[in-house]
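Just below is one structure, and these are the notes that go with it.
Computation of the quantities below employed the complete heavy-atom set of this structure, encompassing side-chain atoms and omitting hydrogens, waters and symmetry-equivalent molecules. Both counts, for ligands and for their atoms, begin at 1 and track the order of listing. Note that the numbering runs from 1 along the sequence shown for the chain.
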Amino acid sequence: MKLVKTIDEMRAFRKATRKSGQRLGLVPTMGALHEGHLSLVRAAREKSDLVTVSIFVNPTQFGPNEDFAKYPRNLESDSALLQREKVDVIFTPSVEDMYPADAVTWVTVEGMSDRLCGKSRPGHFRGVTTVVSKLFHIIEPDVAFFGQKDAAQVAIIRRMVRDLNMPVAIEVCPIIRESDGLALSSRNAYLNPGERKSALVLSRSLQRVQKLFDEGKRDAERLITAGKQEFAKEPAARLDYFEIVDPDSLEPISTILQRALIAVAAFIGNTRLIDNILVDPQF
Ligand code: PAF
C-alpha cells in the first residue's frame with residue numbers, strides 16, 4: 001500500500017496506471033474510518049483493479065461554528081484498516097496543496113445544494129462538490145463509491161457528474177448500522193453513553209414511518225408528523241429536519257407515488273447526525 005501525500009505524486013501514479021489500462025476505484029473519505037467506509041472499500045475492491053482511498057478533512061464543507069478543528073483524525077489506525085482491505089493507495093493531501101491561498105473557484109450544484117442538510121449548513125454542499133471534483137480531476141477514477149447515508153450528497157454528486165460530463169461512474173452502497181439500528185458515522189464517536197441511547201431516535205422515527213408506509217399510508221405530511229412524534233418523546237434530541245423528497249431532485253413530495261427518500265437530521269447534544277430510508281410503492 002502506497003501513502004501519497006501530494007497532488008503531483010498522485011497524478012504521476014495515475015498516469016503510470018492508465019498505460020496498463022487498470023480500472024481505478026476511488027473511495028473519498030474524511031478519515032475516522034468505520035465499517036461503513038470499509039463496506040465502500042470492499043465494493044471498490046470487487047469492482048476495480050486498483051483502489052484509492054482519499055483521506056482529507058475538507059475545510060470548505062464545514063461552517064464557521066462546526067467541528068472542523070475537532071473532527072477525528074487518526075491516519076495511523078485508518079492506514080492499518082486500509083492495509084487489511086488491500087487498498088493500493090491512500091491519498092492524504094494537505095489543505096495548502098488542495099486549496100491555494102488565493103483560490104476563488106467553486107463548483108456548485110444550484111438549488112439542490114440548498115435542500116435538506118444544505119438548508120441548515122449553508123455552503124456545505126458547495127464545499128463537498130468542489131472537493132469531490134478536485135479529487136476526480138487529480139485521481140481520474142473510473143468509478144467512485146459513496147454511502148447512501150449521505151443521500152443528499154449522493155444526489156448532488158450524481159447531478160454534478162451528469163451536468164459537467166465527468167467520466168466517472170458513481171456507485172452507492174447501503175447504510176451500515178449498529179445492531180440496535182444506529183447508522184454508523186464518524187461523528188458517533190462524539191456521543192457520551194446517554195447521548196448514544198438518545199441517538200436511536202433517528203432510526204426509530206424512520207422505522208415508525210416505514211411501518212406506516214408498509215401499511216399503505218402515502219400522505220407525506222402525515223408520515224412526517226408520525227416521524228416527528230418520536231422526537232417529541234426524546235428531550236435530548238433537537239430535530240433539524242424530517243422530510244420526504246424525491247431522491248434524485250431532493251424536491252419535497254406530498255404523496256408517495258414513486259420512489260421517495262425519507263431523511264432526518266437532528267442534534268443529539270452538540271452532535272449533528274443524519275439518517276434516511278428509501279421507500280418505493282412499486283415494491
Ligand atoms: O462523505 C464524506 O466523507 C465527505 O463529504 C467527502 C465525500 C469525502 C467529501 O469531503
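Seen from the ring of Tyr190, Lys70 counts as a face-on cation partner, given the 6.0 Å and 45° thresholds.
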N/O pairs closer than 3.5 Å, ligand 1 and protein:
| residue | atom | partner | partner atom | Å |
| --- | --- | --- | --- | --- |
| ligand 1 | 1 (O) | Gln153 | NE2 | 2.9 |
| ligand 1 | 5 (O) | Gln61 | NE2 | 3.0 |
| ligand 1 | 5 (O) | Gln153 | OE1 | 2.7 |
| ligand 1 | 10 (O) | Gln61 | OE1 | 2.6 |

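Panel note: side chain Arg259, backbone Pro247; no donor-acceptor pair is recorded below 3.5 Å.
Salt bridge annotation for Asp114-Arg126: absent, with no cationic side-chain nitrogen under 4.0 angstrom from a carboxylate oxygen. Comment: Glu230 engages Arg204 in a salt bridge, judged by a side-chain N to carboxylate O separation of less than 4.0 angstrom.
At a threshold of 4.5 Å between non-hydrogen side-chain atoms, the residues Gln210 and Leu206 do not count as touching. Using a 4.5 Å heavy-atom threshold, the side chains of Ser48 and Phe145 count as touching.
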